[in-house]
Amino acid sequence: MKLEEMIAEIEALGKTCSCGHKHHHIPIETMYIGTNAFEKCSSFLIEKEFKCVLLVADENTYEAAGEKLAESLRNANLEYSVCTIKPNKMGDVVADEVSIVQALIEIDAHVDVLMAVGSGTIHDITRFCSAKTGKPFISIPTAASVDGFTSLGAPLIVRGVKKTFQTVSPIALFADIHVLINAPKEMTAAGFSDMLAKYTSLADWSFGRLIADEPYCPLAASITKEALDYSVEHVDQIAAGDEEGIRILLASLIQSGLAMLLFGQSHPASGGEHHLSHYWEMELLQNKRRQVLHGAKVGISSVMLAKLYNDWLSSGKLLPHALKDKSEKVAEIVATIPNKEQLRTLLQKVGGATAPEELGISEELVNRSLKEAHLLRERFTMLKCYNSGL
């Protein structure tokens, strides 16, 4: 399916969904993955009559894609400027107050459109600035590493705490396939790991609906599950890192983002595994340690929760007596999560990390996060139930 057809189909299905939850319009006008993505991007800018463009990137992503994109803009006689987000003292580019202010300073009245040239962090910074300034933004992925390119959410670090803001989605996406293929292999592995984490996020969402009557949309869930299955079925091609495998992975990540965009929240793709990841990220920042790729963290967190949820179910302590009538349905939900060895095998195929210690996450931090990470969000996951006993 072509990317534009994907949007049209999701929009059409949203109009017929009877879940009762508000379905959000998908304002993305076009998406393209190919060898001449930057030329198509320039043509789109001309068509939209945008004259002044601000590229938001970091040093690595500007070298990977920004230079070639800038050349295309020059050839199209388009005016542009570049905001290169500076790394923090640990050498990491972080979506925090400092980075946001740096980008906002570069957005003057002459700028018509922003371009996020990078992966997750650059997109989070750009989409937040886009929402605050009213300037539209365009997604230029430099690696198939996260599912947030097309979503509304911008996870930011504010005063040392990870918080997700609902902002805006891009109006278009253009991905150069050669840039994606040449991205570091660990970023591709992180992208697949981010998709694999949907096993636990979808299970947590179903659990929250069953136990706490959280808002739920079966359409958004099915769109996410379809993207998850598509990537898992093609894991060998993704592991090979060839053009077809990378297209499949990015298309899956985009589809997951569209499900979140349709629902208006991150429930379809973010459960207890993301809370653990955010907790670890905050801890590393507070201790002035280098950051770890988001996808790598949520992939490992999903392995951990697969074991935790299955062990918890087997112990018979999953639900208090008042909710025992729901035990069978909870068991069905937990059964949708592959066991930890199956998940580890899939992660190993793409060269991804499979245990916290491989990322420098200590056993003490793991144990603490399993007890406290659920406090980061109000969302009712099995991890929250595990700790609160309802």
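Everything numeric in this text was worked out from a predicted model, so none of it was measured. Quick note: residue numbers are just sequence positions, from 1.
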Using the ring of each side chain (for Trp, its six-membered ring), is Phe137 parallel, tilted or perpendicular to His123, with breaks at 30° and 60°? perpendicular
Hits for ring pair (Phe, Tyr, Trp, His ring centres under 6.0 Å) against Tyr32, two or more places apart or cross-chain, chain-then-number order -> none
Should the heavy atoms of other residues, nucleotides or ligands under 6.0 Å from [atom1] of [X] be counted, would the total exceed 12?
| X | atom1 | result |
| --- | --- | --- |
| Lys132 | NZ | no |
| Gln286 | CD | yes |
| Glu328 | CD | no |
| His25 | NE2 | yes |
| Glu372 | CD | yes |
| Glu97 | CD | yes |

What distance separates [X] [atom1] from [Y] [atom2], expressed to the nearest 0.5 Å?
| X | Y | atom1 | atom2 | answer |
| --- | --- | --- | --- | --- |
| Ile28 | Glu11 | CD1 | CD | 9.5 Å |
| Ile171 | Leu114 | CD1 | CG | 9.5 Å |
| Tyr309 | Tyr386 | OH | OH | 10.5 Å |
| Leu55 | Glu106 | CG | CD | 11.5 Å |
| Ser266 | Trp205 | OG | CH2 | 10.0 Å |
| Ile125 | Ile100 | CD1 | CD1 | 7.0 Å |

Quick check against the 3.5 Å criterion: does [X] have a side-chain atom that pairs as donor or acceptor with the backbone of [Y]?
| X | Y | result |
| --- | --- | --- |
| Arg379 | Gly271 | no |
| Lys297 | Val292 | yes |
| Gln166 | Leu152 | no |
| Ser201 | Lys198 | yes |
| Lys384 | His374 | yes |
| Asp194 | Val298 | no |
| Gln342 | Asn339 | yes |
| Gln255 | Ile223 | yes |
| Thr150 | Ile254 | yes |
| Asp112 | Cys52 | yes |

State, with a plain yes or no, whether a side-chain heavy atom of [X] is found less than 4.5 Å away from one of [Y].
| X | Y | result |
| --- | --- | --- |
| Val158 | Phe165 | yes |
| His274 | Arg377 | no |
| Ile238 | Thr188 | yes |
| Val53 | Met115 | yes |
| Met260 | Asp147 | yes |
| Lys225 | Leu228 | yes |
| Leu73 | Phe38 | no |
| Tyr279 | Leu365 | yes |

With no hydrogens and no angle check, do the side chains of Thr142 and Thr61 hold a donor and an acceptor under 3.5 Å apart? no
Under a plain distance cut-off of 3.5 Å, with no hydrogens placed, do Ser42 and Ser72 share a side-chain donor-acceptor pair?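 Yes - a donor-acceptor pair under 3.5 Å links their side chains.
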Can you see which heavy atom on [X] is nearest to which on [Y], and at what distance?
| X | Y | answer |
| --- | --- | --- |
| Leu347 | Ser193 | CD2-OG, 3.1 Å |
| Ile107 | Cys129 | CD1-CB, 3.8 Å |
| Phe192 | Leu346 | CE2-O, 3.7 Å |
| Phe50 | Leu78 | O-CD2, 3.4 Å |

Name of the residue among Val334, Thr381, Leu383, Val330 meeting side-chain contact (heavy atoms from CB on, under 4.5 Å) with Phe207: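 Between Phe207 and the candidates, side-chain contact (heavy atoms from CB on, under 4.5 Å) is satisfied uniquely by Val330.
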What's the verdict on side chain to side chain contact (heavy atoms under 4.5 Å, CB included) for Ile157 and Lys162, showing C-alpha distance, side-chain angles and the deciding distance? CA-CA 5 Å; Ile157 296 290; Lys162 189 85 169 186; 3.5 Å; yes
Any chance you could lay out the side chain to side chain contact (heavy atoms under 4.5 Å, CB included) test for Thr121 and His294, step after step, and finish with the verdict? CA-CA 9 Å; Thr121 299; His294 168 77; over 6 Å; no
Side chain to side chain contact (heavy atoms under 4.5 Å, CB included) evaluation trace for Asp124 with Arg127: CA-CA 5 Å; Asp124 293 335; Arg127 81 172 69 249; 4.1 Å; yes
Residues in side chain to side chain donor-acceptor pair (under 3.5 Å) with Ser270, at least two apart? none
Partner set under side chain to side chain donor-acceptor pair (under 3.5 Å) for Gln102, not counting sequence neighbours: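 Listed in chain order: nothing, the list is empty.
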Go through it in stages, so that I can follow the logic: the residues are Asp242 and Ile181, the test is side chain to side chain contact (heavy atoms under 4.5 Å, CB included), and I'd like the CA-CA distance, side-chain angles, deciding distance and then a yes or no. CA-CA 7 Å; Asp242 57 19; Ile181 291 172; over 6 Å; no
